[in-house]
There are 2 protein chains.
Amino acid sequence: MNLKELAKHLNLSPTTVSRALNGYPEVGEATRKRVDEEARRFGYRPNTHARRLATGRAHAIGYVLPADKSLMIDPLFSDFVAGATDVYAAHGFDVMLHAGGQEDESSVYQRYSQGGSVDGVVVLGPRLGDPRIELLNGLHMPYVVHGRVGGLTSDFAWLDIDNYGAFYRATKLLIDLGHRRIGLINGLEDFNYAHDRRCGYEKALQDRGLNADPLFTSSGLMTEENGYRQTKRILQLANPPTALILGSMLLVAGAMRAANEMGLLIGRDVSLIAHDDGLPFLNAQSLVPSLTTTSSSIRAAGERVAQLMLGIITDPEVELPHELWSVDLIVRGSTGPAL
Amino acid sequence: MNLKELAKHLNLSPTTVSRALNGYPEVGEATRKRVDEEARRFGYRPNTHARRLATGRAHAIGYVLPADKSLMIDPLFSDFVAGATDVYAAHGFDVMLHAGGQEDESSVYQRYSQGGSVDGVVVLGPRLGDPRIELLNGLHMPYVVHGRVGGLTSDFAWLDIDNYGAFYRATKLLIDLGHRRIGLINGLEDFNYAHDRRCGYEKALQDRGLNADPLFTSSGLMTEENGYRQTKRILQLANPPTALILGSMLLVAGAMRAANEMGLLIGRDVSLIAHDDGLPFLNAQSLVPSLTTTSSSIRAAGERVAQLMLGIITDPEVELPHELWSVDLIVRGSTGPAL
DNA sequence: GAAATCGTTCAAAGCGCTTTGGTAAAAATA
DNA sequence: TATTTTTACCAAAGCGCTTTGAACGATTTC
């Protein structure tokens, strides 16, 4: 059933039916009602592609995961995009996904742009000086960055959590508890978020006249295995840290394994603070001891990014949004006074 | 730059240019080359929606995550779809994602179908007697199921791993090692895969004249927390199992925590076998002791499902594929003889 | 009562592509 | 050489929608 058929059935022109369905004012109330009812009765839906061709708007947003992450698709992504789905659906937008793969990420953007497949893209996992920004600027493709990109002058829309502040405060808390040697098991530091976290960590130490021992820190994949390895390495040093800050709950899983293996009691022998993205399968609160965290829901961020995205493409004249979310520092059982 | 402009620039008709670019034979070799070169030079890409409208094919596949999973978006999904991306990209197909959300899953399918948004959908996480099958049959929408659906008579395309066989063999291995009391911490058993796994487990016990103590088993969410809770509950029973079989690596994380807390050494005091989907962030081999697993790459499955999907929509007359993948049982350090 | 305004409706053009049904020139066949 | 076939190309229709511009009767204004 298409527009023409529906119109014929109603003894109306396609014009009027289209207008009635799309809520234009120049349609009589009685007619509108009749059209709505019959459309529903026949389960009529306008053909997506015809509408898109006619309006010139794709009604779709692209999510492209970087190619070099393909070896390790971010487990956060599912949650990030899940938050967005409802926002998009409510506005008749679809999500177009390109998850890693061989194809160069920039070529995907180019394809999207020239083919008109999407009205905008969400940039995930930005790195320091990320080239995607300039590329997208050049393509005149609207985009929102989840995170920020340090060292770039151009303006762009972003939503980020206060990674710097979160890790500053986490470090400060540990210092206040008497810890003087504090380790950091970070994500890969060419990612902007991990870079910011290290800066916060170092600044807090510095503010108290401490300095970060390079041996106490690491930058690597956020896997259980790496969490285990780094924790073990760091805690086996001659004069090891009494506290560790970790970039994700997955690292925590490995850290706990390492601590157990070494016979160290978390919260007493070694304090732990981790960043918690609110992943549903790894709950910080239910661990024993429950975990002190810097918490921020990746799902909520995904939802908000979707809203910003829609805002930008609805009104391209509007000022580009910048949102910095503060991060909760939730003190639980894994942090205690230094021995 | 669109077709018409490109054609004018080349002093050719849009027809010829279109044919040249799409590899039709009725174009001279010299002309084809000239067209290809200029198209590349201008970075010309046909407008997606125009092409889709003209051909009637969406060149897109839908991935819809069940609404009731929205509370817990499957962490496996990212990997599943990552495997598919290249396959689709190579054939000019896009992935349309609808991850959970408010909207009823069946209404999403209906929308996809009537709007012509996708050429087919992949059905994820099928349940016993899953209603989606009949719905999609009714919509005449091509689909491939990842998994199977027990208790259904109608034929449909699927790819599944041999969950029954995997858990049968895992259980048998433990019995052969002398274990007589074996626990099962399963996924939610209204999912078909979890149901099959329990059947394999029970059959193996039964074949050796043992029977499954209901207290030794559980069916629940595959989270770290649930793994911890169930392991603790089961191992604290009066006459507890000497071995456990677990549905996922996430459950293992919790199980290890519980075992450590209870002072039990895995592989000696209690044997563990888990199913490993090959998630990159949780490595069975690198655990201590390394974990005995039933292994099957979810990523490879995602890739193959994509191929099957393309096969079906390319040639709708072809017989519906059914693929049952055998599962590797990899014996590592977490299984030992019963005490 | 004539002119202007308003509320509804429609015919037709256009979005950018593919595809059908040609045609003219070149090559093969008779 | 005349005829058929092949090759290489094109004009125009059509995919299903939105949107422009016009039409027409009903209502309001002067």
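Here is the naming used below: chain letters follow the sequence lines, and residue numbers restart at 1 for every chain.
- Going from atom CG of A/D130 over to atom CZ of A/F191 covers 9.0 Å, rounded to the nearest 0.5 Å.
- With D/dG16, C/dT9, D/dT19 as the choices, the nucleotide that has an atom nearest any side-chain atom of A/T15 turns out to be D/dT19.
- The side chain of A/A54 has D/dG16 as its nearest neighbour among D/dT19, D/dG16, D/dC10.
- Atoms NZ (A/K4) and C1' (D/dC15) sit 10 Å apart, rounded to a whole Å.
- Distance CG (B/N11) to C1' (D/dC10): 13 Å, rounded to an integer number of Å.
- The aromatic ring centroids of A/H9 and A/F42 lie less than 6.0 Å from each other.
- When heavy atoms are screened at a 4.0 angstrom cut-off, B/R19 is found touching base atoms of the nucleic acid.
- Considering only side-chain N and O atoms, A/S13 lies nowhere under 4.0 angstrom from the phosphate OP1 or OP2 of C/dT9.
- Here the C1' atom of nucleotide D/dG16 and the NZ atom of A/K8 are 14 Å apart, to the nearest Å.
- The side chain of A/Y44 places no N or O atom within less than 4.0 Å of a non-bridging phosphate oxygen (OP1 or OP2) of D/dG16.
- Ring-plane geometry between B/Y88 and B/Y63 is classed as perpendicular, the angle between the planes exceeding 60 degrees on a 0 to 90 degree scale with a lower cut at 30.
- Checking A/N2 against A/Y44 by side-chain atom types alone, no donor-acceptor pair falls below 3.5 Å.
- If you check every strand for non-hydrogen atoms under 4.0 Å, A/G28 touches sugar and phosphate atoms only.
- The distance from atom CZ of A/R45 to atom P of D/dG16 is 18 Å, rounded to the nearest whole Å.
- Taking atom CG of A/L3 as the reference point, atom P of D/dG16 lies 10 Å away to the nearest angstrom.
- Per the geometry, CD belonging to A/E26 stands 19 Å off P belonging to C/dT5, to the nearest Å.
- Distance, B/E5 CD to C/dC17 C1': 13 Å, rounded to whole Å.
- Residue B/P14 is the one, among B/P14 and B/L53, whose nearest nucleotide of DNA chain D lies closer to the 5' end (criterion: closest heavy atom).
- Side chain of B/T31, nearest nucleotide from C/dT9, D/dA8, C/dC17: D/dA8.
- Minimum atom distance to the side chain of A/N47 is reached by D/dC17, of the listed C/dC17, D/dC17, C/dT18.
- Of the two residues near DNA chain C, B/H49 and A/E29, the one whose nearest nucleotide lies more 5' is A/E29.
- Set against D/dT18, C/dT19, C/dG16, the side chain of B/S18 has C/dT19 as its closest nucleotide.
- Side-chain contact annotation: A/T16 with A/S13, donor-acceptor N/O pair under 3.5 Å present.
- Close to C/dT18, at under 4.0 Å from its OP1 or OP2, lies a side-chain N or O of B/N22.
- Side chains of A/N11 and A/R34: a donor-acceptor N/O pair is absent below 3.5 angstrom, by distance only.
- Rounded to a whole Å, the CG atom of B/L6 is 14 Å from the P atom of C/dG16.
- A close approach under 4.0 Å does occur between a side-chain nitrogen or oxygen of A/Y24 and OP1 or OP2 of D/dT19.
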